[in-house]
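A quick write-up on the structure given underneath.
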Amino acid sequence: MTTFTPTTSEEVLSTVAWAVAEESPLEILGHGSKRGIGRPLQTEHTLDLSRLSGVTLYEPAELVLSAKSGTSLADIEKLLAENGQQLAFEPMDYGPLLGGEPGKGTIGGVLAANLSGPRRLKAGAARDHILGINVVSGRGEAFKSGGRVVKNVTGYDMSKLMANSWGTLAVLTDVTFKVLPAAETEVTLAIRGLLDDAAAAAMAMALGSSAEVSSAAHLPERIAARVAGGSLGNDAATLLRVEGFGPSVAYRIAALKTLLGKAGPLEEIAGEASRLIWRDVRDCRPFADNSEKPVWRVSMTPGEGHQMVLTLRMQAAVSAFYDWQGGLVWLRMEEGDPEAALLRGLLRKHGGGHATLVRAAPSHRAALPVFEPQPPALAALSERLKQEFDPKNILNPGRMA
């Protein structure tokens, strides 16, 4: 096996061009923090982008940052924090869940996996903040899309096309993201002891209010003890995050207390303690246990999540917690994994959605569709895109399908 470690976009281009000429597939890596997601690859060569790093443009006043794709996300977040700014969509760190070190993700991987976090309810995902890209396609051709300003018109928005492509269409060499000011104050209101159905109702009520809740999650009994070093204790915790200027946050928290006063015992968690809780929810820390117990990431209608889990528990031993007001359900299978068809069948019965297997043994990932199978028309479109960008199937072959 050969590992290529380019330091410039020109070296990336020459490596991909060589692979195309030789018809020799490449595994595309940043730091490998998400290497365990998707079907296992069987490639002789690896294109390692970890040395293609460095921030190339940062203009805090213009709210824009450009970096080479192998730049550490941790370094970028540190730079932004020093300037009172952030990636508002708070991209998840898959490292701990997949048995790796935290902080090893790259900015290119953020877009390739279309990462997001608990603030997705308000801020969206990576695709909603990307401004421009430079890439090398599977044809061995370099091109760029977008630019360094928010109002940029350059025809087709190829930048968003790269989101969630997992390195199967092109190799990202440079990316430009919109950044935003970080909130001055953050307070989480925790409602304690609710069952899943009552928590779903409370989150819906909070999101429907004028309190401008930026994140809503529910950690059932015993799951709550697995975040923030156990500071929440064992009782179930329904979490509502409010962010902004201090007086505004205080007013909105008071309004939520009035609205939800009868739901259950209320607890305020502020500052760094609140941020630590949401980081652990973001990174699926309750299931980051260094085991190979299968973990599924399920996106579905918020009000149906707890009902789907209840039905699933009649047929399988499963642990679960909820983010995005219940629209994101994290599942850990405690005694093996039921057939993917069972889980996806339940999704269809509960309003539809997507189930992605994010952690399992390689043999398990090789035996079933890891990503949600696409409807025929969408699958045909995806195949045409693959043919346009990577006709010889050079880049991450077989990872997604």
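Here, residue 1 is the first one in the sequence, and each next residue gets the next number.
- K144 NZ: 12 or fewer foreign heavy atoms inside a 6.0 Å radius.
- When all heavy atoms are compared, the tightest approach of A88 to A123 is O-CB, 3.6 Å.
- Here the side chain of N83 pairs no donor or acceptor atom with the backbone of Q85 at under 3.5 angstrom.
- Between S72 and G103 the shortest heavy-atom distance is OG-O, 3.8 Å.
- Side-chain atoms of M162 and S145, non-hydrogen and from C-beta on, never get closer than 4.5 Å to each other.
- Checking side-chain atoms of R35 against main-chain N and O of L29 turns up no donor-acceptor pair under 3.5 Å.
- For L195, the CG atom sits in a loose shell: 12 or fewer heavy atoms of surrounding residues, nucleotides or ligands are nearer than 6.0 Å.
- Residue pairs meeting the ring pair (Phe, Tyr, Trp, His ring centres under 6.0 Å) criterion with at least one member in residues 192-211: none, sequence neighbours excluded.
- At least one donor-acceptor pair closer than 3.5 Å links the side chain of S69 to the backbone N or O of L172.
- Of the residues L180, D128, V110, the one that meets the side chain to side chain contact (heavy atoms under 4.5 Å, CB included) test with F89 is V110.
- At most 12 heavy atoms of other shown residues, nucleotides or ligands fall within 6.0 angstrom of atom CZ in R51.
- Residues W278 and S215 have side chains that never bring a donor and an acceptor to within less than 3.5 angstrom of each other.
- Judged purely by distance below 3.5 Å, without hydrogens or angles, the side chains of D48 and T46 never pair a donor atom with an acceptor atom.
- Looking at K122 and E243, no side-chain N of the basic residue comes within less than 4.0 Å of a carboxylate O on the acidic one, giving no salt bridge.
- A distance of 14.5 Å separates CD1 of I277 from CZ of R285, quoted to the nearest 0.5 Å.
- D280 contributes a side-chain N or O that, together with a main-chain N or O of A228, makes up a donor-acceptor pair within less than 3.5 Å.
- Using modelled atom types, one finds no donor on one side chain facing an acceptor on the other under 3.5 Å when comparing E372 with H354.
- Annotation: side chain to side chain contact (heavy atoms under 4.5 Å, CB included) contacts of P220 (sequence neighbours excluded): D196, H218, I223, F321, Y322.
- Partner of I107 under the side chain to side chain contact (heavy atoms under 4.5 Å, CB included) criterion, out of D75, L65, T176, L87: L87 alone.
- Not a single donor-acceptor pair under 3.5 Å links the side chain of R399 to the backbone N or O of R39.
- Heavy atoms only, all atoms of each residue included: P286 and V227 are closest at CG-CG1, 3.6 Å.
- Between the side chain of E186 and the backbone N or O of R275, at least one donor-acceptor pair lies under 3.5 Å.
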*Could you walk me through whether Y58 and I76 pass the side chain to side chain contact (heavy atoms under 4.5 Å, CB included) check?*
CA-CA 10 Å; Y58 178 38; I76 287 176; over 6 Å; no

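- With sequence neighbours left out, the side chain to side chain donor-acceptor pair (under 3.5 Å) criterion links K104 to no other residue.
- Inter-residue side-chain proximity for M203 and L240 is flagged as met; some heavy-atom pair is nearer than 4.5 Å.
- Under the rule for a side chain to side chain contact (heavy atoms under 4.5 Å, CB included), the partners of E184 that lie at least two apart in sequence or sit in another chain are F245.
- Nearest heavy-atom pair, L232 versus R192, reported as atom, atom and distance to 0.1 Å: O-NH2, 2.6 Å.
- L73 places a side-chain heavy atom less than 4.5 Å from the side chain of P91.
- Checking side-chain atoms of E11 against main-chain N and O of T7 turns up a donor-acceptor pair under 3.5 Å.
- No side-chain heavy atom of E44 sits less than 4.5 Å from a side-chain heavy atom of E22.
- Taking the six-membered ring where the residue is Trp, F143 and F389 present tilted rings, their angle falling between 30° and 60°.
- Around the CD atom of Q42, the shell of radius 6.0 Å holds no more than 12 heavy atoms that belong to other residues, nucleotides or ligands.
- For the salt bridge (Lys or Arg N to Asp or Glu O under 4.0 Å) condition, the pairs that include at least one residue of residues 378-387, sequence neighbours left out, are K386-D390.
- Partners of T301 according to the side chain to side chain donor-acceptor pair (under 3.5 Å) rule, which considers only residues two or more places apart in sequence or in another chain, do not exist here.
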*Before giving the answer on side chain to side chain contact (heavy atoms under 4.5 Å, CB included), spell out for L312 and M333 the whole-Å C-alpha distance, their side-chain angles and the decisive distance to 0.1 Å.*
CA-CA 10 Å; L312 179 61; M333 304 304 173; 4.1 Å; yes

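- Residue L111 holds its CG atom at 9.5 Å from NZ of K160, rounded to the nearest 0.5 Å.
- Residues E90 and R241 are paired through a salt bridge, judged by an N-O separation under 4.0 Å between the basic side chain and the carboxylate.
- Looking only at side-chain heavy atoms (C-beta outward), T15 and V171 stay at 4.5 Å or farther from each other.
- The heavy-atom pair separating G105 from H31 by the smallest distance is O-ND1, 4.4 Å.
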*Give the C-alpha distance, both sets of side-chain angles, the deciding distance and a yes or no for side chain to side chain contact (heavy atoms under 4.5 Å, CB included) between L357 and H364.*
CA-CA 10 Å; L357 181 62; H364 194 151; 4.2 Å; yes

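- A salt bridge is defined here as a Lys NZ or Arg NE, NH1 or NH2 lying under 4.0 Å from an Asp or Glu carboxylate O, and D289 with R359 meets this definition.
- Looking at N396, its side chain does come within 3.5 Å of a backbone N or O of W166 through a donor-acceptor pair.
- With hydrogens and angles ignored, the 3.5 Å screen pairs a side-chain donor or acceptor of R139 with a backbone N or O of E388.
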*Could you go step by step and tell me if R282 and M92 meet the side chain to side chain contact (heavy atoms under 4.5 Å, CB included) rule?*
CA-CA 6 Å; R282 179 196 73 181; M92 177 185 181; 4.2 Å; yes

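- One finds a salt bridge joining R279 and E272 here, because a Lys/Arg side-chain nitrogen approaches an Asp/Glu carboxylate oxygen to under 4.0 Å.
- Between atom CG of residue L97 and atom SG of residue C284 there is a gap of 5.0 Å, rounded to the nearest 0.5 Å.
- Side-chain atoms of N134 do not come within 3.5 Å of backbone N or O of T173 as any donor-acceptor pair.
- Counting only heavy atoms from C-beta outward, the side chains of V358 and F287 never approach each other to under 4.5 Å.
- Annotation for S209 and L256: closest pair OG-CD2, 4.0 Å, computed over non-hydrogen atoms.
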